[in-house]
Every structure is written in C-alpha cells, then in structure tokens.
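Heads up, the thing below is written out as structure tokens.
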Amino acid sequence: MRLIRSSVDNPAAIAAGLVLLLLLGGLALAQIPIQMLPELERPQFTVNTGWRAAAPEEVESIIIEPQERELRFINRVEEITSSIQRGFGSINLTFALGTDMQRAMLDVLSALNRTPDLPADANEPQIDGGGGRNAPFTASLLLVPMPGNPTRDMASYHWLVEELIEPRLR
C-alpha cells in the first residue's frame, strides 16, 4: 500500500523511472546477438564461356546446350537459367539451401569435364561462385586433369582440395 501511495504522490519520479527503464531496455535489445530472421542466401554458381565472335545460335547449340545437359543432373540444383549473347554464354545454377558448396563445386567441375571439347577459339568455362559461405571456390578452380590422366571425375579429387590446396591458399 505504501508503494502505491508514494507512486501516486510522485508522478514525475515514476515517469523518469519508466523512461530510464525503456532506454536501458532498448540498449540491451540492440546488443542481443540473436537474429530474428536468418539470412537466406540461395547458393549459386555461374558458368561463363566465351567464344570470340560466334553467333548466339552457335554459342547455344555448341557450348551452352551440351553444358546444360550435363549440369542438370547435379544433386540439389533447384534452378538452371541461361543467358546467351554474341560470343558469350552463361549458365546460372541455383542450389537448395544447406547444400554443401564444396561438393557442389566438384560436381560442377566434373560435369563440365564430361562435356564435348570446345571449339579451338573458345575460352575454357569460368565458374563464379555466389552464396555459400565456406566454399573453396578458388582452390577447386585450380584443378584441371592433365592429358592422359585416366581419372576425369573431379569429385575424386575432393580430398586434395580440402587437405592440401585450401589450407595453403589460406
């Protein structure tokens, strides 16, 4: 009863206490490291292939379509979109959330190695990675099987990337 009586008698003190409590509560809330809505970044790879001065129809039929035929069988690919212009084509692969991007990169490289040989004046495909936080994109791109090497499946080199190449690049 005494607390209520003193509260009614001192409204300015109650207002100041309430403002102080709201201010400290707001500061504490800003410091909390918990994220209410997590970032949902869809992991992606883009395969870019150039062919100097080739018509878009040639780029599509000789480069992009064979690459798409191999890339569509990669696990956890949700969407494949292509863009073709004169002398250049790109394929964007969007993966499911939670995909192991290291494994996905090896699968993409392996699929590209199964495509037919490119024309002599075409550039080798370049893979750009987006999404996925701990993927060793650069390390995976350093792997190219040597001519005469019977192991063409890049997935078999997964241990090499994880144990040797990636730690040295760090």
Side-chain angles (χ1 to χ4, degrees), residues 1-50 63-64 67-85 88-115 123-145 153-170:
M1 202 48 123
R2 201 170 184 199
L3 180 63
I4 295 172
R5 173 67 61 198
S6 63
S7 298
V8 171
D9 289 342
N10 296 318
I14 297 301
L18 184 61
V19 168
L20 186 61
L21 184 65
L22 289 174
L23 181 64
L24 292 175
L27 289 173
L29 184 62
Q31 298 296 324
I32 294 176
I34 298 172
Q35 195 172 0
M36 298 300 275
L37 295 172
E39 281 184 35
L40 298 177
E41 185 178 319
R42 295 180 65 184
Q44 296 180 346
F45 286 124
T46 302
V47 179
N48 299 311
T49 310
I63 295 177
I64 299 300
Q67 288 177 349
E68 283 180 340
R69 275 194 293 273
E70 293 296 329
L71 292 170
R72 69 179 172 195
F73 295 112
I74 295 175
N75 288 335
R76 300 184 57 112
V77 171
E78 289 186 339
E79 184 180 358
I80 297 177
T81 56
S82 299
S83 173
I84 302 164
Q85 51 190 296
F88 180 79
S90 69
I91 301 170
N92 189 15
L93 304 165
T94 304
F95 291 86
L97 289 173
T99 301
D100 178 8
M101 294 308 287
Q102 293 177 349
R103 181 69 187 172
M105 173 61 96
L106 292 173
D107 291 343
V108 169
L109 288 169
S110 186
L112 290 174
N113 282 332
R114 290 190 301 267
T115 60
N123 299 330
E124 289 296 318
Q126 300 292 316
I127 302 172
D128 297 324
R133 294 190 176 94
N134 56 1
F137 299 122
T138 307
S140 297
L141 292 174
L142 295 175
L143 291 177
V144 177
D153 181 26
M154 295 308 290
S156 63
Y157 295 108
H158 183 72
W159 69 270
L160 182 66
V161 172
E162 282 186 345
E163 302 298 325
L164 296 176
I165 298 173
E166 186 181 5
R168 288 184 184 176
L169 287 176
R170 280 192 201 135

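Note that the structure is a prediction, hence the values are computed from the model and not measured.
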Only pairs under 3.5 Å count here: list side-chain donor-acceptor contacts from residues 5-19, not counting sequence neighbours, and write none if there are none.
{"residue": "Ser6", "atom": "OG", "partner": "Arg2", "partner atom": "O", "Å": "3.3"}
{"residue": "Ser6", "atom": "OG", "partner": "Leu3", "partner atom": "O", "Å": "3.0"}
{"residue": "Ser7", "atom": "OG", "partner": "Leu3", "partner atom": "O", "Å": "2.8"}

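Looking only at side-chain heavy atoms (C-beta outward), Val77 and Leu71 stay at 4.5 Å or farther from each other. Contact check for Ile127 versus Leu112: side-chain heavy atoms found under the 4.5 Å cut-off. Side-chain atoms of Gln31 and Leu27, non-hydrogen and from C-beta on, never get closer than 4.5 Å to each other.
For the atom pair CD1 of Ile74 and CE of Met105, the computed distance is 10.5 Å after rounding to the nearest 0.5 Å. Taking OG1 from Thr46 and CG from Leu93, the interatomic distance works out to 7.5 Å, rounded to the nearest 0.5 Å. In this structure, CD on Glu68 lies 12.0 Å from CD1 on Ile63, to the nearest 0.5 angstrom. For the atom pair CG of Asn92 and OG1 of Thr81, the computed distance is 4.0 Å after rounding to the nearest 0.5 Å. Here Gln102 contributes atom CD and Leu106 contributes atom CG; the two are 8.0 Å apart, rounded to the nearest 0.5 Å. Here the CD1-CD1 distance, from Ile91 to Ile64, works out to 4.5 Å after rounding to the nearest 0.5 Å.
Applying the side chain to side chain donor-acceptor pair (under 3.5 Å) criterion to Asn75, with sequence neighbours excluded, gives no partner residue. For Thr49, the side chain to side chain donor-acceptor pair (under 3.5 Å) partners at least two apart in sequence or on another chain are Gln67. In terms of the side chain to side chain donor-acceptor pair (under 3.5 Å) criterion, Arg69 has no residue partners (sequence neighbours excluded). Asn123 meets the side chain to side chain donor-acceptor pair (under 3.5 Å) test with no other residue; sequence neighbours excluded. Listed by chain and number, the residues in a side chain to side chain contact (heavy atoms under 4.5 Å, CB included) with Ser83 are Ser90 (sequence neighbours excluded).
Between Glu70 and Ala111, the shortest heavy-atom distance links the atoms CB-O, 3.5 Å. When every heavy atom of Ala96 is checked against every heavy atom of Pro43, the shortest pair comes out as O-CG, 3.6 Å.
Identified under the ring-ring contact (aromatic ring centres under 6.0 Å, His included) test for residues 88-107, with sequence neighbours left out: Phe45-Phe95. Residue pairs that meet the salt bridge (Lys or Arg N to Asp or Glu O under 4.0 Å) test with at least one member in residues 72-84, sequence neighbours left out, are Arg42-Glu78.
For CG of Leu24, the number of neighbouring non-hydrogen atoms (other residues, nucleotides, ligands) closer than 6.0 Å is greater than 12.
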